Structure formats: structure tokens, C-alpha cells
Amino acid sequence: MQVKATVLQKDEVAPQVHKIRFFAPRIAKSAQPGQFVHIKCGEEQNYILRRPFSIHQANSSDSIEILFKVVGRGTSWLAKLKVKDSVDIIGPLGNGFSLKSRPGKIMLVAGGMGIAPLIFLADKLAKEHTKTYTVIGAANKELLLDYMNLKRLTRKITAATEDGSQGVKGLITDILPAAITEDHPDVIFACGPFSMLREVAFIARREDVDCQVALEELMACGVGACLACVVKTKTGFKRVCADGPVFDSREIEW
Amino acid sequence: MQVKATVLQKDEVAPQVHKIRFFAPRIAKSAQPGQFVHIKCGEEQNYILRRPFSIHQANSSDSIEILFKVVGRGTSWLAKLKVKDSVDIIGPLGNGFSLKSRPGKIMLVAGGMGIAPLIFLADKLAKEHTKTYTVIGAANKELLLDYMNLKRLTRKITAATEDGSQGVKGLITDILPAAITEDHPDVIFACGPFSMLREVAFIARREDVDCQVALEELMACGVGACLACVVKTKTGFKRVCADGPVFDSREIEW
Amino acid sequence: MSRPDLAVEIAGIKLKNPVITASGTFGYGREYAEFIDLNRLGALVTKTITFQPRSGNPVPRICETPSGMLNSIGLQNNGAEAFAANDLPWLAQFDLPVIVSIGGDDIDQYCRVTKFISQVEGVSALEVNISCPNVKFGGLGFGRDPRMAADLVAKIRTCSTLPLIVKLSPNVGDIVAIAQAVVRAGAQAISLINTVLGMAVDIESKRPRLKSVVGGLSGPAIKPIALRMVWEVAKAIDVPVIGIGGIASAADALEFILAGAGAVAVGTAVFMDPQSPIKIIEGIEEYLTKNGYDKISDIVGALEIAE
Amino acid sequence: MSRPDLAVEIAGIKLKNPVITASGTFGYGREYAEFIDLNRLGALVTKTITFQPRSGNPVPRICETPSGMLNSIGLQNNGAEAFAANDLPWLAQFDLPVIVSIGGDDIDQYCRVTKFISQVEGVSALEVNISCPNVKFGGLGFGRDPRMAADLVAKIRTCSTLPLIVKLSPNVGDIVAIAQAVVRAGAQAISLINTVLGMAVDIESKRPRLKSVVGGLSGPAIKPIALRMVWEVAKAIDVPVIGIGGIASAADALEFILAGAGAVAVGTAVFMDPQSPIKIIEGIEEYLTKNGYDKISDIVGALEIAE
Ligand SMILES: Cc1cc2nc3c(=O)[nH]c(=O)nc-3n(C[C@H](O)[C@H](O)[C@H](O)COP(=O)(O)OP(=O)(O)OC[C@H]3O[C@@H](n4cnc5c(N)ncnc54)[C@H](O)[C@@H]3O)c2cc1C
Ligand SMILES: Cc1cc2nc3c(=O)[nH]c(=O)nc-3n(C[C@H](O)[C@H](O)[C@H](O)COP(=O)(O)OP(=O)(O)OC[C@H]3O[C@@H](n4cnc5c(N)ncnc54)[C@H](O)[C@@H]3O)c2cc1C
Ligand SMILES: Cc1cc2nc3c(=O)[nH]c(=O)nc-3n(C[C@H](O)[C@H](O)[C@H](O)COP(=O)(O)O)c2cc1C
Ligand SMILES: Cc1cc2nc3c(=O)[nH]c(=O)nc-3n(C[C@H](O)[C@H](O)[C@H](O)COP(=O)(O)O)c2cc1C
Ligand code: FES
Ligand code: FES
């Protein structure tokens, strides 16, 4: 659906990382973890393309949150929004993480901004009393976003930072194998940069753990009509926006 | 010169008519009545062309004012400016009203927004104790802008409104001939829509009064380089921005 | 006062209003049915269909540019058969003329898809895409040369009795010559423009932003180019022109209609706002009412040129 | 670390950096000397000069469009003689290569202005404008046909020993063919692109926004089109290409340079910001420093195309 959503709250939670809460009851009600919203940035027609963002939270009945890093024009514009501003949002879009098979133990793997959709998921899992373990990585301690939230929501957090300012010094994929060995997850839900996800998929296969990844690709329509956002899968190109953004990692032609 | 000017004050002085005072000491110091500024509207590159506005006031030592009506994209953007916002301004540009021959009695003729440059002129003339008479016209009483200012600055105001809500019901050019007959100006300084100025020029010639008109034309560079803003004169095309915007009315090919 | 009549006739098909969704930006309608009532559209043009399925180009396939975007989707589609089986029946539930855009690499492929589409239900007209800049062989060549374009259209004309619309490429020196050639060859309406060839570079990676290097520019940036071509062509030919290129508001659509377009198609603007086709229909109606026109045809080509 | 070397050589003339002001948007430099130090520019291209004075087109001559503008100035200029008497001597005070843009309606007019300009002081090179879309006769025709363009350039070549740059029109189907033709005929560098033909309509007055109906589109809107043409042409010819079209930032300029432009010219952007040529020079220098390049030539055409 397409709504005009009012900004309820806006915080800079880390340098250049912002969290915005929008009043959007219709989207909030139907949102599932892993789904995303497509946001019109700018006034008039300055931005031809909407910007896609994972739904970071939708558990309060009326509002949704996004968590984003300023990387270009659109995110700069969003970062300047103020409480009460109104924004044109389409969503919820795409298919979220699949929880059909009711797994026992779940491992969340979040690289950098990849934490965005996983908080919503962790929250939902926590409410369902599913056991979750988190492996997170970021450039530094400051960018280990939502750490306190995660502490509350999951049983255990293992962290890696590139500069070693918290947890192991290194990449998330350096610590993932040990975490898997230790916690024996039934399924991994991962989000982060493509190169990390490829590595995660590889590790998951090696360790024989099911793995779902939330992908990103440049999007125009966001609803499945234009075929801009495809990813190569074992069965040909699929649309990240409409067939994903969450895919079974074995489906992807990495 | 090109300056970053901060908004000091902004008022909606009539429906859809705004007055903005900018902190721009270098422009303020050299500005002459009839000159204009060329303002960059919008962020980034949304507006390819700057917007030209007459300098409405520059008598305080540090600031300049513009008075404008919201008619399109650029003026809508300007109307949303807030105190402390910073704007890229080029100016003062063009040639102002020529006061070389030190006229005894001056008649200001302002149609609609044409009042904008004439207040600055009236103020300067008042300071020099020149006798000025004003003939103004607008759609209605509310749009007879700066009426109180004019009362203070000029000896007499004759007004016409299209709906008769103040002064004579009719056009400014309906009341101009009688005003000339009564006040015997040595020169007329006029600003307003082109069709009005043409009529004013015609009346001035008939009554044998010198007349200077401030013209408008679509502008790109605003400094005389691109030849976008020309007007047909007895000696060929002239640039409104650099050869005007004030011209001797007899020079123009009406 | 009664409401103005927005109905138009293009290539013999009746549209309830002149606002069409352009090929490739609206899929086969399904995805946007959640956002707008498809029954309100003048017509829908499908994403270009080829006889065989095609996988299209590698990603990145798009990139944003000043007031526009580049795309190099590359005619990805599931082929004519899958389209007829899955999409046409779904579209049949709407009161909506379906114009099927067809493409191919050579005359034979065009003819095969034409014949196939002509014998299935629910097709109002064909739009021959001779202009997609993304297919390495065929597509582009047909659109650039008047004789090749005419040969292709003449051949397709013999394969089908469906109304025939031909969509032209703007990447030519003389658009009027191409338009005249395809009209002589049997085109009953002309769509223009398709995208303008363009490119963008990422200076950090030193790579083209599109994997296929060059792609098609669309959106408001190209509106002045499209409008100029529509004006030139509409003066020169006797069949209706469907104006396309950067239309994002009723004012944009009205510019094209005044310049001679008998209908308009909205492409990239639906990405900005899925409601835009509906807003454009409403805005056109408002303009007609405000200016006292009874019907849209009163303003088609009504541009006034001073001396 | 020492500062990177920005110097380039175009058509045998040495520029201290690759940033030029484009023809027609910068007059003869005088008006902008108040805003920027002309000595810092790589070169200046004059507004196109014709042998005889010209009055140009009626107003309105310009109109803003999405991320662009249309113009139909129509080569207004005071003629070669007045230019040589008033403007060239003034420009001589600067350490600035002056490239004189020349135009005409037929070969004879081009030759007369070429000969005249070739015997006055202070001219570094000629830029032959065969592309201005606003002159009813000649201009456009030369730019659209490879043979006519080559004939014209060959004739001009015989009239002057000045370095010869030829500026092409983008309103063609095959820009490479034109570029190759004029290079064979003696062009020592190619400028592209000139403006793209476009149009805009005022739906309230129902009139074209330009008095001459059609004009030239410039500004960021056309950048992808220009970049694509520069890339295509730079690959195909051996002389330098001056990239023009929508360049408003150092990043824009670098896109052109990576795509193969040996220099760039800035047009419409000076209207937005008179400082833009200076900011672009500084930004290019910064990019080279940041990325560890010693000299600008290291990145000319350095675009990497994956497999
Ligand atoms: C399904 C999905 C969910 C996402 N969720 C988040 C999130 O929760 N938090 C977050 O910070 N980012 C997220 N992203 C990435 C986010 O969309 C981009 O950072 C954003 O679009 C950049 O816009 P910009 O205008 O600031 O950058 P620019 O670089 O100026 O954008 C230029 C163009 O590229 C596109 N683009 C740039 N980076 C990306 C990217 N990584 N993915 C897709 N398009 C991109 C933009 O949308 C725009 O069309 C998500 C992307 C997808 C596809
Ligand atoms: C020398 C000069 C002095 C002016 N002084 C004033 C003033 O003091 N107060 C005031 O209200 N207006 C003044 N104007 C008119 C003012 O420039 C326009 O109203 C304004 O540019 C409209 O911009 P827009 O984006 O809101 O309108 P749009 O219609 O969206 O503008 C589209 C384009 O047309 C141009 N344009 C539109 N109307 C005019 C016009 N009348 N003159 C020149 N260009 C125009 C715009 O600059 C822009 O390039 C002056 C014009 C000139 C040339
Ligand atoms: C993502 C995308 C895909 C397109 N696919 C097609 C296509 O398959 N067939 C076609 O004829 N045109 C295609 N087009 C061109 C559009 O139909 C239209 O002609 C062009 O985009 C200009 O209109 P616009 O500026 O309104 O988008 C495509 C355009 C875009 C942006
Ligand atoms: C107002 C204006 C006048 C122009 N006059 C000329 C001209 O006289 N000769 C010429 O070769 N190009 C002329 N041009 C074209 C520019 O030099 C340039 O090729 C074109 O505008 C594209 O570059 P830009 O997008 O940076 O402006 C003119 C452009 C504009 C906007
Ligand atoms: S963005 Fe259009 S199909 Fe995914
Ligand atoms: S606006 Fe450029 S010469 Fe006047």
C-alpha cells in the first residue's frame, strides 16, 4: 500500500546512522520481518527513484521504524527530516524471512547495516520464545548498532569489529564458524553486504545449516514490475523486490 | 559579486507576497535603486536558472530586501525560507534608474509588483529631498503594497484598483494622464507588467515627459554573457540584465 | 456543466481516456493493481514480449541520473506462450484495452511473436518495439533506418489483422522520415519516444554504472526531446501519435496533447508515484473543465504558433 | 607529495588544466571576470562568431526544464570585426588560450570568418560550430550529414593554419560516423556535444515556451547522452575529445575524462554558479591527489569495462 506517513521520532543513533519512526498503522499491521518499504525522497521530482529500506521495527501497533546510514543523496535527505514531516511510503514489500518450519535454534548474522531487518525478526522470535543467537560485525564498536536491544532479545551475542574496539578483531565471517560449532543453530538468517553473505552462505553450506539471506539490489519500481533488481539464481533471474529480498542461500548463484 | 546571504527577516506582507531581508553588506553598500539580485533557489541542482528580483531596499548599511509574489517553483521555494537560512545571491546587477539630470519633480508609477524597486528609489529621493509623486495600481486594496511606506516617502499617492476597493476603480493607466496634468513631473520612473509599461511610455510621450521603465525578461546568466534576456530597442537587441533593466522608454521598440 | 469527454480512438481502438501505461515500467499490470484501479486507465501496454523467453542483461541494470534514469533491462520476459497462459487471462478481468508490445532480433522473430499473439484472446492492439536500445542485434538497427523499419512493419502487417502501433527510437537524426516510412508500411499509430541512449560512470570504481555500459535514458530529463519529436511527427503524419517521455503530471501530458499527441503513455513516473496515471487522468479532466472544453479532441494539436 | 599535473594538450595547444568554458554561456569572458580569475581556466571558447553581425532570435529565448534548460539565442553576435576590435584585445591581458567559435550559414561564410579570425592576434584555436540548432539554414545541415560536415571542415582547413576543433551536434543517428568524417577532413580535436533539440509548451497560453518553438536542451539532463557519445567517439578516433554536456561538478567532469575526454567544457553550470569552473578544477586536482595519480593523462579513458 501507499501511505503518507508522519515522522514521529528521529534520532542519530551513531555517526551518520539514523533511526526514524513513522506513523503508518496500515503498514505496521501487516509487516513481517525481512520485508521492506520504498520511500519517496525529496520534494517534487528531484529523485526519480524511491529508496528501499528494511522494516527495522513494527511491533508497536501504529508505527514502523527504519534504520539507515547516510551514503548518498536520498539518505542525506531522509537524515534531514524532522518530527511531523510527512513522507510518501510504499510497503510492506517483498517476502520476509520464512519461519514455516518452526526451527528450534536460530542464528542471526548481521554485518554492518545488515542489523536493520534482524532486530524486527529478533523481537518477533523473542516474543515466540524461540532461542536466538546473534553474530554481529561492524567497522568499530560505535557501529555495532542496536547492541543493547540485541542483548535483551537474544541469548548470546558474538561480535567482531574490524578495528578490534569490541569483540574479536576481524570480520564477521572469521567468527561465524566457531559460533556455529558452539551454538548449533538449525537455521541462519543473515543480512549484510553481498560479499559477506556469499561467505556466510558458503560457511552455512559447509556446516550444513539452513541459511536465508536478505539481499540488496538497485530498485526502480520495488513491486516486481520493472525487472531492474534481479539476482541470478539456480532457476534464472529472480526479482529481489518481489521474489525476495530474502532468499534461501542455496538458491543464489553466488 | 557572489555572496552567501543569511535570511534576517521574512514576512508575508500580503497574500502570497513575501518580503525577505538578507544580511549582505557588500551588496547593500553598492546597490542602486533599479538594480537587481540573481538568487539561486533550491538545493543541489534542482533549479538550473537563478531567479532575478529587484532590490527592494538597501538603505540600512548591512542588508538588502526583496519583495516578491509567489508565482512558480522558485518563488515557492523562497517563500519557505526561514530566518538563518543561507542563500547564494549574485548582485547588485544591471543599471538602476538614472538620476543624472537632477530632475525637480519625479513621478513613480508602480503597477502590482512593480512597486518592488520603486520603494528603494523613493527612499533615496526622500533623503535627497526630491519631490516625488506616486501613482500605483493593483488588483485590489490588499495588493497595494507598501502603501504606508509610500505615504511616508512621497508627497502624494494616487491609486487605482481593478476591483475599486481603494482609489479609482480601474487601471493605473486610466489615472496616470490626470496625475501628470496635475503634478507636472519632469520624469516618470515606472515599473510593472510589460503591457502597462508600454501604455505608460505612450502616455509619457504624448504628455512630453521623460520616462524610464524597469523591464523584466527571462534570464539565464543575469550578467550579460548569454544574450537570453534581450529587448528590442531602436538600436537593436539590448540585454535587459546588463544594459537595463532600466531603459529610457523612448529607446524601446514597444 | 457535464464532464468533458476524455475518450479517444487510437489505431481503431477506443480508449476511455488518453492515458496509457508505457511498456516495461508497468509489467503486465499485476503488480500495480494493488495501487490503482486498472479499470480507470485508457490502456495498458505490456512489457515487450518476444517469442522465446529471454533472460535479459546482467545487473546493475539501472541508475539514477539528473531528473531521469538509465535502464538496460534487456527485454527480459518469459516468452509469448507463458504470457498468453499466465498474464493475458488475468488482464481479461478488467475493462482495459491491452496493447501487447512485441520485440525480436530479426524479422522472422517479430513475425512469429506477431502470429502467436494474434491468435490468442484479449489483445486489443500490437505495439511493435523497433527501438529498444538494449538488444545487441536487430532492435536498434530497425529503429534507425527508415527502409529497414518499413520492411519490418510491412512484414508484420501481413502476419496480423490486429491494430498496429509502431514505437520509434529517438536515437536518429530524422525522426520524421522514420515515422513516415512506417506509416506508409501500415502503422496505424506511432508511439514515441522510447529511451535515449545514455551512460553514467562511477568515478570511484572507474566503472560504468550499468553493467551493459550503455542504457536508455527516461524520465523528466527527456521530456523536451520527446515533445519536440512528437510535435515534428504529428505535423507530418495522418495517424495518431502516442506521446511518451518524462510525463509525470497532467501538465506534462497536456503539453504533449497540445503538441499533437492523440494519447500519452506514462513510464518512469509510476516509479516515483504509482498513482501518477490516475492523477494525470484527473488533471486532464480538470484542465478541460476549467478551460471550457467539451472533449479532449478539442485540444489535440491545438498549440498556437505566433506568426 | 607534489601536486598532480593537470596540463593537457588539445589540438596542439597547451592548457594548464582540462577545464574550458563552453561557447555561448560565457560570452567573451568579460562579464565573468568579476566572479572568477580567468587566468585559472584551461581555455575559453567564445560565443560563436559569424562574419557579419547577427541579431539572433526573438524572445522568449530560454526556458527552464527538468534539470536543464532550452535556448534559442540564435547566434546573436556583433560580427567578426567588432569581436576582433573590442573583445580579443581585452582577452589578451589574461594568460588564457582563446578558442574562437565560428559559425555561418554556408561554406563561404565559414571561410570568410575563418580567414578573418586567422589574421588577427590572440587566437589559440578555432572551434567550428557545425551544430547550432538555431540557425535555419546551414548550421544544422552540416552537423547531420558526415559528407557535408567533412566538406565544410576540409574547406575551412585550407583557409587557416590555426588548430582546428570541430563541435558536433548530438541530433544524429550515428555520432561516430560524423566524428570520423571530420577527423579525416582535418579536425584536430572534437567537441561534443552541442545542445539536443527540444521543446516546451505553456499549457495556459497554449503556446511554445520559446518563440522559435524548438531550441537546444542543455544542462545536467543531457549529461548521460553526452557521456555516451563521448565514450563512443573517443574509442573510435585518434584526436582528443572535449567533453561537453551537463557538467556541473568535478565528479561530472571526471566521468567524461574517464570515458575518454581529453578536456571538458562547462556551459549551463556557470548560470547556476559562476564559480563552477574553478570548483571543477579544484575537484579534479583533489581526486587525482586522493587516488594517487601524478597527472591527469593517467585517467583519460581509464574506464574499466568488466569482461
Ligand atoms: C531491500 C533493501 C533493504 C535495504 N535496507 C536498508 C536499511 O535498512 N538500512 C540502510 O541503511 N540501507 C538499506 N538498504 C540500502 C539503501 O536502499 C541504500 O543505502 C539507499 O538507497 C541509498 O540511497 P542514497 O540516495 O542515499 O544513495 P545514492 O548512492 O545517492 O543512491 C543512488 C541510487 O542507488 C541506489 N542505491 C544505493 N545503494 C544501494 C543499496 N545498497 N541497495 C539498493 N539500492 C542502492 C539508491 O536507491 C538510488 O537509486 C536497503 C536496500 C534494499 C534493496
Ligand atoms: C530584473 C527583474 C527584476 C524582478 N523583480 C521582481 C521583484 O522585485 N518581485 C517579484 O515578485 N518579481 C520580480 N521579477 C520577476 C521574478 O523574477 C519572477 O517572478 C520569478 O523569476 C518567478 O520564478 P518562479 O520560479 O517562481 O516562476 P516560474 O514560472 O516557475 O519560473 C520559470 C522560469 O521563468 C522565469 N520567470 C518567470 N516569470 C518571470 C518574470 N516575470 N521575469 C523574469 N523571469 C521570469 C523564472 O526566473 C524561471 O527561470 C523580476 C524579474 C526581473 C527580470
Ligand atoms: C525500466 C524500463 C523498462 C522499459 N522497457 C521497455 C520495453 O520493454 N519496451 C519498450 O518499448 N519500452 C520500454 N521502456 C521505455 C518506456 O516504455 C518509455 O518509452 C520510456 O521510458 C520513456 O518514457 P518515460 O520517460 O515516461 O519513462 C522501458 C523503460 C524503462 C524505464
Ligand atoms: C544560452 C546558450 C548559448 C549557447 N550558445 C552556443 C554557441 O553560440 N555556440 C556553440 O557552439 N554552442 C553554444 N551553446 C552550447 C554549449 O556550448 C554547450 O555545448 C551545451 O550547452 C551543452 O553543455 P552544457 O550542458 O554544459 O551547457 C550554447 C548553450 C547555451 C545554454
Ligand atoms: S525493482 Fe522493479 S522488479 Fe524489482
Ligand atoms: S541573462 Fe544572460 S545576457 Fe541577460
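Below, chain A is the first sequence line, B the second, and so on; all start at residue 1. Owing to the predicted nature of the structure, the values given are computational and were not obtained by experimental measurement.
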For chain D, the option from B:Ala242, B:Gly236, B:Cys229, B:Cys226 that forms the most heavy-atom pairs under 4.5 Å: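 Among the listed options, the one with the most contacts to chain D is B:Cys226.
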Below 4.5 Å from any heavy atom of chain B, which atoms of [X] appear? Answer side chain, backbone, both or neither.
X: D:Phe26; result: backbone
X: D:Ser55; result: both
X: D:Gln76; result: both
X: D:Tyr32; result: side chain
X: D:Pro66; result: neither

Look at [options] and state which one has the largest set of heavy-atom pairs under 4.5 Å with chain B.
options: D:Gly29, D:Gly24, D:Gly68; result: D:Gly68
options: D:Ser67, D:Gly219, D:Ala221; result: D:Ser67
options: D:Arg30, D:Met69, D:Met272; result: D:Met272

Out of curiosity, D:Asn129 CG to D:Lys47 NZ, how far, rounded to the nearest 0.5 Å?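 One gets 8.5 Å once the value is rounded to the nearest 0.5 Å.
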Working to the nearest 0.5 angstrom, can you tell me the gap between D:Asp37 CG and D:Phe94 CZ?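 Interatomic distance, D:Asp37 CG to D:Phe94 CZ, rounded to 0.5 Å: 7.5 Å.
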In terms of ring plane angle, is the pair B:Phe68 and B:His18 parallel, tilted or perpendicular, where the classes change at 30° and 60°?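 Parallel, since the angle between the ring planes stays under 30°.
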Using the ring of each side chain (for Trp, its six-membered ring), is B:Phe194 parallel, tilted or perpendicular to B:Trp254, with breaks at 30° and 60°?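 Aromatic pair B:Phe194/B:Trp254 classed tilted.
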Side chain, backbone, both or neither: which part of B:Glu217 has an atom under 4.5 Å from a heavy atom of chain D?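 Interface part for B:Glu217: side chain.
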What's the verdict on side chain to side chain donor-acceptor pair (under 3.5 Å) for D:Thr50 and D:Asn77, showing C-alpha distance, side-chain angles and the deciding distance? CA-CA 7 Å; D:Thr50 50; D:Asn77 79 101; 2.8 Å; yes
Answer whether the closest heavy-atom distance between the side chains of B:Ile252 and B:Thr233 falls below 4.5 Å.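 Yes. Closest side-chain heavy atoms under 4.5 Å.
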Hey, does the side chain of D:Ser72 reach the backbone of D:Gly74 with a donor-acceptor pair shorter than 3.5 angstrom?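 No.
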